[in-house]
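What follows is one structure encoded as structure tokens, with my remarks underneath.
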Amino acid sequence: MTVENATSEGSSHGPVCPHCREPLRSNLRQEQVTPHETTDPGPRLPMTLTYCGSCGWTLHLAPARADGPAGHGLVAYEEVAAPADEQALEGQFQLRCRDLIGEIRSLGFNPNVWVAMINSLGAAGAARKLLADHHMLVVTPWLVRRGRPELTLEHEIGQPGWSGLFTDEERAEAARRLARAGKTPHRRRGWLRARRAPRRSGF
């Protein structure tokens, strides 16, 4: 069969797999997969995989939607809600956090927990709760390791323009967390030496 005949035949029966030429209407499959954990503790975002069920050929791979089961298509990430009053200081802070989240997503990380908290408590309220609960967003150390600490919530809290939103204690706590985020945990001394020490023979 020539290429022309194959193309003509495939088009007359609907879309076909480019690899095995089987009809996709009866073989198209889609499922959600999550990458296995690696040595890099960065984000492991679920992905929606579209493939041919006949030969397994991958047709499309993209971030999975967060608001529904796999197989219903792809949608944009959840957006940060607009503040009630954009002119108020809290509203300006929320707009700034929305900009930060947009930049972070462009780097490949979706801080969905941060977005959900903002949409529930407001950006300033979410920041205060994170500080009070002694909880650090996962994206903070991720950004610091990549040399982008200026995109972290903790860095933004420390900016002079938001001094009216946070207490001196909250700003100091944010600075401490940002400093800790840049520190790489060290293994106990002697751990590597013990692992490499040759086994002694029993003879």
Side-chain angles (χ1 to χ4, degrees), residues 32-35 37-48 62-70 72-186:
Q32 192 174 112
V33 295
T34 302
E37 186 173 2
T38 63
T39 55
D40 182 1
R44 291 186 293 142
L45 300 177
M47 305 294 288
T48 293
R65 59 183 295 168
D67 60 345
H72 287 213
L74 301 173
V75 297
Y77 291 130
E78 180 183 3
E79 295 299 328
V80 176
D85 183 358
E86 294 187 359
Q87 302 305 317
L89 191 59
E90 289 206 4
Q92 290 293 313
F93 183 71
Q94 186 152 320
L95 292 176
R96 175 56 182 155
C97 287
R98 184 173 68 182
D99 291 342
L100 291 174
I101 288 167
E103 291 190 58
I104 292 168
R105 283 172 168 168
S106 72
L107 298 176
F109 193 113
N110 179 26
N112 57 317
V113 172
W114 187 10
V115 174
M117 291 187 69
I118 290 175
N119 290 345
S120 176
L121 305 170
R128 295 188 191 103
K129 180 170 177 57
L130 287 165
L131 293 171
D133 292 349
H134 304 286
H135 178 72
M136 181 188 294
L137 292 167
V138 176
V139 71
T140 295
W142 187 84
L143 287 168
V144 172
R145 284 194 299 271
R146 284 155 180 77
R148 302 302 302 273
E150 74 280 4
L151 297 181
T152 63
L153 172 62
E154 289 78 5
H155 177 271
E156 194 61 32
I157 289 172
Q159 297 308 295
W162 312 121
S163 58
L165 290 179
F166 306 103
T167 65
D168 291 341
E169 183 177 340
E170 287 172 332
R171 291 157 63 83
E173 172 62 19
R176 285 192 293 269
R177 292 187 187 193
L178 190 57
R180 287 200 304 269
K183 296 180 180 178
T184 303
H186 295 287

Using atom types as modelled and distance alone, determine if a side-chain donor or acceptor of [X] lies under 3.5 Å from a backbone N or O of [Y].
| X | Y | result |
| --- | --- | --- |
| R176 | R171 | no |
| Q94 | A81 | yes |
| R177 | L131 | yes |
| N119 | E79 | yes |
| E170 | T167 | yes |
| D85 | Q87 | yes |
| S120 | M117 | no |
| R128 | L165 | yes |
| Q92 | E86 | yes |
| R148 | V144 | no |

Assess, by modelled atom type and distance only, whether the side chains of N112 and E78 contain a donor and an acceptor separated by less than 3.5 Å.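 No, no side-chain donor-acceptor contact under 3.5 Å.
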
Between [X] and [Y], is any pair of side-chain heavy atoms under 4.5 Å apart?
| X | Y | answer |
| --- | --- | --- |
| V139 | L151 | no |
| L143 | L107 | yes |
| T140 | E154 | yes |
| V115 | R105 | yes |
| E156 | F93 | yes |

Working to the nearest 0.5 Å, report the span between [atom1] of [X] and [atom2] of [Y].
| X | Y | atom1 | atom2 | value |
| --- | --- | --- | --- | --- |
| F166 | Q159 | CZ | CD | 11.5 Å |
| C97 | I118 | SG | CD1 | 5.0 Å |
| M136 | L130 | CE | CG | 10.5 Å |

Atom of A126, atom of L121 and distance for their closest heavy-atom approach: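 Nearest heavy atoms, A126 then L121: N-CB, 3.9 Å.
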
Would you name the heavy atoms of L89 and G161 that are closest together and state the gap between them?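 Heavy atoms only, the tightest pair is CD1-O, 3.7 Å.
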
Positive for side chain to side chain contact (heavy atoms under 4.5 Å, CB included) with W114, one of L137, V80, V138: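 The side chain to side chain contact (heavy atoms under 4.5 Å, CB included) with W114 is passed solely by L137 among L137, V80, V138.
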
